[in-house]
Engineer: 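Structure below; questions to follow.
Every heavy atom of this structure was used, including side-chain atoms; hydrogens, water molecules and symmetry mates were not.
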Amino acid sequence: MNRIFIIAHSPLANALRQCALHVFPDSEQAVSALDVLPNVSREESLAAARIILDQLQQSPRDQVLVLTDVFGATPCNVAQDLVDGVNSRLVAGVNLPMLLRAVSYRNESLETLVQRALAGGTAGVMQLGVTAPQNQARRKHSDQDIRDHQQ
């Protein structure tokens, strides 16, 4: 089974994990998080990440998708030192749609999981148009309706 490990600036990692558990309450053992604090050294964060990764990879079949927030930042650098490319893979730019997609497909192969996570993250970012309530035409605020009663 694949596991998911979020490494991000505090408090994002645990906040994303809590959101995922809200949607998928049965995935508590499959999703872990490490919040990287601003006053903790990279070495300390890496040591904490290694402990969590070891817990996630309890059997040789357990593989881990590591998700991090910003490429080049400390959490990503820690994750890059952690990931081996065989039993674990790394994706930067985590967002909630990416995480939810990854949790949904965590039983697929690690390579497929990476592709699904990337697709979920990309598809989850979109510009939305502003629509009027119940698809009604919008009025300018200065327009007066002839049915409005003024006193």
Engineer: Below 3.5 Å, can you tabulate the donor-acceptor pairs from side chains in residues 16-23 to any protein atom, sequence neighbours excluded?
Structural biologist:
unit_1 : atom_1 : unit_2 : atom_2 : d
Arg17  : NE     : Val31  : O      : 2.6
Arg17  : NH2    : Glu28  : O      : 3.0
Arg17  : NH2    : Val31  : O      : 3.3

Engineer: Is a side-chain donor or acceptor of Thr122 paired with a backbone partner of Ala119 at a separation under 3.5 angstrom?
Structural biologist: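 Not confirmed, Thr122 side chain does not pair with Ala119 backbone.
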Engineer: Using atom types as modelled and distance alone, determine if a side-chain donor or acceptor of Arg116 lies under 3.5 Å from a backbone N or O of Thr112.
Structural biologist: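 Looks like no, no N/O pair under 3.5 Å.
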Engineer: What distance separates Glu108 CD from Asn2 CG, expressed to the nearest 0.5 Å?
Structural biologist: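 Between atom CD of Glu108 and atom CG of Asn2 there are 9.0 Å.
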Engineer: Considering all heavy atoms of both residues, which atom of Asp84 and which atom of Val86 are nearest to each other, and what is their separation?
Structural biologist: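 Between these two residues, the closest heavy atoms are OD1-N, 2.8 Å.
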Engineer: Between Val36 and His9, is a side chain to side chain contact (heavy atoms under 4.5 Å, CB included) present by the stated rule, with each step listed?
Structural biologist: CA-CA 5 Å; Val36 176; His9 291 90; 5.7 Å; no
Engineer: Please check if atom CD in Gln29 has more than 12 non-hydrogen atoms from other residues, nucleotides or ligands closer than 6.0 Å.
Structural biologist: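 Atom CD in Gln29 is not crowded, with 12 or fewer foreign heavy atoms closer than 6.0 Å.
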Engineer: Heavy atoms, side chains only, cut-off 4.5 Å: are Arg106 and Ser27 in contact?
Structural biologist: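 Counting from C-beta outward, Arg106 and Ser27 do come under 4.5 Å.
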Engineer: Show me the donor-acceptor pairs within less than 3.5 Å that the side chains of residues 44-52 make with the rest of the protein, sequence neighbours left out.
Structural biologist:
unit_1 : atom_1 : unit_2 : atom_2 : d
Glu44  : OE1    : Ser41  : N      : 3.4
Glu44  : OE1    : Ser41  : OG     : 3.2
Ser45  : OG     : Ser41  : O      : 3.3

Engineer: Could you pull out the closest heavy-atom pair between Ala79 and Val66, with the gap in Å?
Structural biologist: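 Ala79 and Val66 have their closest heavy atoms at CB-CG1, 3.9 Å.
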Engineer: Does Val40 sit in a hydrophobic cluster with other residues, and if so which ones, taking ILVMFWY side chains as linked at heavy-atom separations under 4.5 Å, directly or through other members?
Structural biologist: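 Besides Val40, the hydrophobic cluster comprises Leu37, listed by chain and residue number.
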Engineer: Output side-chain donor-acceptor pairs under 3.5 Å for residues 93-104, partner residues at least two apart or in another chain, one line each.
Structural biologist:
unit_1 : atom_1 : unit_2 : atom_2 : d
Asn95  : OD1    : Met98  : N      : 2.8
Asn95  : ND2    : Gly121 : O      : 3.2
Ser104 : OG     : Leu100 : O      : 2.9

Engineer: Tell me, with the steps shown, if Val64 and Gln57 meet side chain to side chain contact (heavy atoms under 4.5 Å, CB included).
Structural biologist: CA-CA 7 Å; Val64 180; Gln57 292 178 321; 3.6 Å; yes
Engineer: Could you check whether any side-chain heavy atom of Phe5 comes within less than 4.5 Å of a side-chain heavy atom of Leu67, counting everything from C-beta outward?
Structural biologist: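 No. Closest side-chain heavy atoms not under 4.5 Å.
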Engineer: Considering only heavy atoms from C-beta outward, does the side chain of Thr68 approach that of Leu90 to under 4.5 Å?
Structural biologist: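 A side-chain contact exists here, since the closest heavy-atom pair is under 4.5 Å.
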Engineer: Kindly determine whether Leu82 and Gln80 satisfy side chain to side chain contact (heavy atoms under 4.5 Å, CB included), including the steps that lead there.
Structural biologist: CA-CA 5 Å; Leu82 191 68; Gln80 284 181 299; over 6 Å; no
Engineer: Between Ala33 and Asn14, which heavy-atom pair has the shortest distance, and what is it?
Structural biologist: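 The answer is CB-OD1, 3.7 Å.
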Engineer: What are the two closest non-hydrogen atoms of Ser32 and Leu56, and how far apart are they?
Structural biologist: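 Looking at all heavy atoms of both residues, the closest pair is OG-CD2, 3.3 Å.
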Engineer: Nearest 0.5 Å, please: how far is CG in Leu110 from CD in Gln115?
Structural biologist: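 So the gap between those two atoms works out to 10.5 Å.
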Engineer: What salt bridge (Lys or Arg N to Asp or Glu O under 4.0 Å) pairs are there with at least one residue in residues 58-82, not counting sequence neighbours?
Structural biologist: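 Passing the test, one end in residues 58-82: Arg3-Asp62, Arg42-Asp81.
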Engineer: Can you list the residues that meet the salt bridge (charged side-chain N to carboxylate O under 4.0 Å, His left out) rule with Glu43, with sequence neighbours excluded?
Structural biologist: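 For Glu43, no residue satisfies salt bridge (charged side-chain N to carboxylate O under 4.0 Å, His left out) once neighbours in sequence are set aside.
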Engineer: For Val91 and Leu65, run side chain to side chain contact (heavy atoms under 4.5 Å, CB included): C-alpha distance rounded to whole Å, both residues' side-chain angles, the deciding distance at 0.1 Å, then the answer.
Structural biologist: CA-CA 8 Å; Val91 174; Leu65 173 60; 3.9 Å; yes
Engineer: Any side-chain heavy atom of Glu111 sitting closer than 4.5 Å to one from Arg89?
Structural biologist: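 The answer is yes; the side chains approach within 4.5 Å.
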